[in-house]
Amino acid sequence: MSNFEDYDLRKNRNTGRTARTTNRTNTTRRSYEASGSYRNSNMDLDDELDMYNYDLGSEYMEEARPRTHTSSGRSTSAHRPASHSGSSRRPSSGHKASGSRSSHSSHASHSSRPSAKPSTSRKTSRGGKKKSKKKTRRTIFVIEIVLLLVLLVVFFLWNKIGKVNWDNIDMADMEVNELDTATEELLSNYTTIALFGVDNRSNGNLDSGNSDTIMLVSINNDTKEVKMISVQRDTYLQVTDDTYRKCNYAYNHGGVETAISMLNTNLDLKISGYVSVDFYALATIVDDLGGLDLEITQRMIDTNNEQTGQNALAGYIAEVENVLKYYPNEEDYFKLSDCYFDSPGVYHLNGAQVVGYCRNRYAVDNDYGRAENQRKVVKMIVEEIKDADLATINKIADDVFPNISTSLSLTQCIQMATAASDYEISESSGFPFALKTSTISKSVGSVVVPCTLESNVAQLHKFLYDQEDYDSTDTVDAISDYIVNQTGFTADSAEINQTSDE
């Protein structure tokens with residue numbers, strides 16, 4: 001029983017208990033007086049401890065003894081005084097030295113008395129339990145905070161990504177050539193995404209329209225290395241089983257499914273998914289990022305559109321601003337000051353100007369020169385987004401996602417978004433690598449002819465997948481032979497050989 005249990009703060013309950021305590025104390029005092037061991041105010045600390053039967057252990061007893069100084073100045077523990085019988089106090093045989101009782105009968109008569117104070121082991125146990133409870137409560141609180149944050153992030157992503165036009169097409173249903181086992185295994189280590197920039201002149205309508213921009217992006221799933229290649233929109237390819245035209249016709253003729261199947265069958269690919277954007281998406285991204293710094297060359301300033309006789313770049317910018325109704329208060333929704341540049345140099349361009357810059361093909365080397373500018377802009381946007389703050393990312397998501405269509409799953413998008421900082425565009429180029437421009441017919445118009453398709457596909461697999469000496473499938477070989485027969489162009493006919501961008 002603890003000493004504190006004998007103390008009651010309520011005055012009306014301590015009368016009986018005080019009497020019992022007084023009687024018990026008097027009995028104990030008479031017993032000690034009879035044996036000569038009770039010494040009132042001169043009681044030694046050890047005897048007082050013995051009276052209450054403390055069991056503290058030798059270390060605590062040693063610290064509790066008063067300290068005296070020897071003649072040499074060193075501090076030492078005071079010796080216990082001798083008993084009144086004149087003999088030294090020694091522990092009885094069979095008892096521990098520390099905390100043991102004297103062999104006097106008066107002491108022995110009280111040896112079974114319960115301790116008046118809890119032992120240190122009990123204190124430690126209670127303290128440990130309190131600490132354990134505090135630690136448990138703290139852990140639960142931290143877990144609750146983490147779960148709350150996770151739920152907020154999921155809600156945020158769901159709200160933003162919910163704005164995207166999700167396409168439920170099954171990529172497994174897309175037409176694919178019979179690839180050999182080694183190629184199948186290699187391609188499974190990459191994520192290949194087709195990017196279409198659609199000229200539909202209608203905000204958010206991504207189901208049709210010529211794909212002015214066609215890009216292929218290969219992502220190494222292990223290293224996160226990204227390679228990007230543009231397929232020139234005027235490339236002469238098989239767009240359906242019996243139809244050969246400019247490859248951008250496939251999207252307008254049969255939508256994204258036909259476009260993906262066209263790329264798979266002509267290039268021996270197995271595309272994992274696609275993303276389609278339009279004028280609005282590109283212009284809005286640029287504006288939300290605050291614009292881009294691009295070089296305007298003297299050639300861009302001087303070159304006119306062959307059909308209109310007007311400055312080519314100015315005409316493209318004015319057209320984009322008109323389509324986007326970029327300046328609602330202007331009569332034709334554009335400003336001439338955005339369209340013309342007095343001298344060459346680096347200019348800070350707005351979204352509409354950047355789209356016009358990407359569409360201009362007269363002041364560059366035709367379709368492959370325009371595609372190179374498009375890759376330049378895409379890489380600049382990627383780098384700007386990686387460095388953008390959360391507020392900017394949030395604005396882009398709100399403004400741009402409604403103008404995006406994709407077959408990528410929500411899981412794929414989240415995985416790619418969370419690892420965005422790990423991706424790095426290592427190389428970019430254009431396809432075909434070896435080419436020549438020609439007019440096939442009046443109905444088909446001027447096209448970019450691969451010289452030959454078979455050799456270009458082998459080079460494409462080396463570029464995107466590091467696949468050496470690729471042997472194209474019979475399907476690609478047959479398409480390549482048809483193009484050679486139609487154009488008369490062989491590998492030796494190439495006039496342009498595209499290399500990696502600087």
Side-chain angles (χ1 to χ4, degrees), residues 195-201 209-215 228-235 246-248 251-252 277-287 289 291-327 332-381 428-431 435 437 445-448 496 498 501-502:
L195 173 63
F196 299 103
V198 184
D199 177 7
N200 55 20
R201 312 300 171 96
N210 286 326
S211 48
D212 264 6
T213 301
I214 303 174
M215 290 187 184
M228 180 171 59
I229 196 162
S230 301
V231 179
Q232 270 70 57
R233 69 167 195 169
D234 292 337
T235 305
K246 298 177 181 181
C247 66
N248 70 335
Y251 199 108
N252 190 42
V277 298
D278 58 13
F279 283 1
Y280 297 85
L282 179 57
T284 303
I285 290 175
V286 173
D287 283 335
L289 290 172
L292 296 178
D293 293 330
L294 290 168
E295 183 181 6
I296 302 298
T297 65
Q298 186 66 51
R299 186 177 175 184
M300 292 178 182
I301 295 173
D302 296 339
T303 303
N304 292 334
N305 185 317
E306 297 172 354
Q307 297 174 349
T308 64
Q310 297 177 339
N311 177 264
L313 179 58
Y316 277 112
I317 294 175
E319 181 186 20
V320 173
E321 291 189 349
N322 175 266
V323 170
L324 300 183
K325 294 181 171 54
Y326 206 71
Y327 295 103
D332 293 316
Y333 306 114
F334 68 86
K335 289 183 177 180
L336 287 176
S337 58
D338 283 355
C339 303
Y340 291 94
F341 302 88
D342 295 331
S343 59
V346 176
Y347 289 83
H348 192 72
L349 306 183
N350 63 35
Q353 289 174 309
V354 170
V355 174
Y357 175 91
C358 289
R359 298 189 65 234
N360 179 24
R361 65 189 177 93
Y362 291 102
V364 292
D365 294 326
N366 212 319
D367 192 40
Y368 42 88
R370 171 172 56 185
E372 183 178 356
N373 282 344
Q374 292 171 356
R375 294 193 298 273
K376 181 193 301 182
V377 167
V378 169
K379 285 188 282 187
M380 290 178 70
I381 290 174
S428 62
S429 189
F431 181 91
L435 60 91
T437 58
S446 178
V447 296
V448 173
I496 301 294
Q498 298 191 81
D501 300 331
E502 295 180 359

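Computed from heavy atoms alone, side chains included, the values below leave out hydrogens, waters and symmetry copies. Index from 1, following the sequence.
Counting heavy atoms from C-beta outward, Asp293 and Tyr347 have side chains that stay 4.5 Å or more apart. The closest side-chain heavy-atom distance from Phe196 to Asn248 is not below 4.5 Å. Residues Leu282 and Ile381 have side chains in contact (heavy-atom distance under 4.5 Å, counting atoms from C-beta outward). Using a 4.5 Å cut-off on side-chain heavy atoms (C-beta onward), Leu294 and Val354 make contact. Looking at Leu195 and Thr213, their side chains never come closer than 4.5 Å, going by heavy atoms from C-beta outward. Contact check for Tyr251 versus Ile214: no side-chain heavy atoms found under the 4.5 Å cut-off. Contact annotation: the side chain of Pro344 approaches that of Ile301 to within less than 4.5 Å [non-hydrogen atoms, C-beta and beyond].
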Phe334/Ile317 under side-chain contact (heavy atoms from CB on, under 4.5 Å): CA gap, chis, key distance, verdict: CA-CA 8 Å; Phe334 68 86; Ile317 294 175; over 6 Å; no
Stepwise side-chain contact (heavy atoms from CB on, under 4.5 Å) test for Arg361 and Tyr316: CA-CA 10 Å; Arg361 65 189 177 93; Tyr316 277 112; 4.0 Å; yes
I would like to know whether Asn311 and Phe341 meet side-chain contact (heavy atoms from CB on, under 4.5 Å); could you show each step before the answer? CA-CA 10 Å; Asn311 177 264; Phe341 302 88; over 6 Å; no
Stepwise side-chain contact (heavy atoms from CB on, under 4.5 Å) check, Glu321 with Asn350: CA-CA 11 Å; Glu321 291 189 349; Asn350 63 35; 4.2 Å; yes
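Taking a 6.0 Å sphere around OH of Tyr333, one finds it holds 12 or fewer heavy atoms contributed by other residues, nucleotides or ligands.
A donor-acceptor distance shorter than 3.5 angstrom exists from the side chain of Asn322 to the backbone of Asp332, with no hydrogens or angles considered.
For Lys379 against Ser428, the heavy-atom pair with the smallest separation is NZ-OG, 2.9 Å. Closest non-hydrogen pair, Cys358 versus Val377, comes out as SG-CG2, 3.5 Å. Heavy atoms only, all atoms of each residue included: Asn360 and Ala312 are closest at OD1-CB, 3.7 Å. Annotation for Leu324 and Ala283: closest pair CD1-CB, 3.6 Å, computed over non-hydrogen atoms.
The structure places OG1 of Thr235 at 10.5 Å from NZ of Lys246, a figure rounded to the nearest 0.5 Å. A distance of 11.5 Å separates CG in Leu313 from CZ in Arg359, rounded to the nearest 0.5 Å. If you take CE on Met215 and CD on Gln374, they are separated by 5.5 Å, rounding to the nearest 0.5 Å. In this structure, Met380 CE and Leu289 CG are separated by 10.0 Å, a value rounded to the nearest 0.5 Å. Note that CZ of Arg375 and OG of Ser230 are 4.0 Å apart. Values are rounded to the nearest 0.5 Å. The distance from the CG atom of Leu435 to the CD atom of Gln232 is 7.0 Å, given to the nearest 0.5 Å.
Here Asn373 pairs with Met300, Tyr357, Val364, Lys376 under the side-chain contact (heavy atoms from CB on, under 4.5 Å) rule; sequence neighbours left out.
Asp338 and Tyr326 form no side-chain donor-acceptor contact under 3.5 Å, judged by distance and modelled atom types alone.
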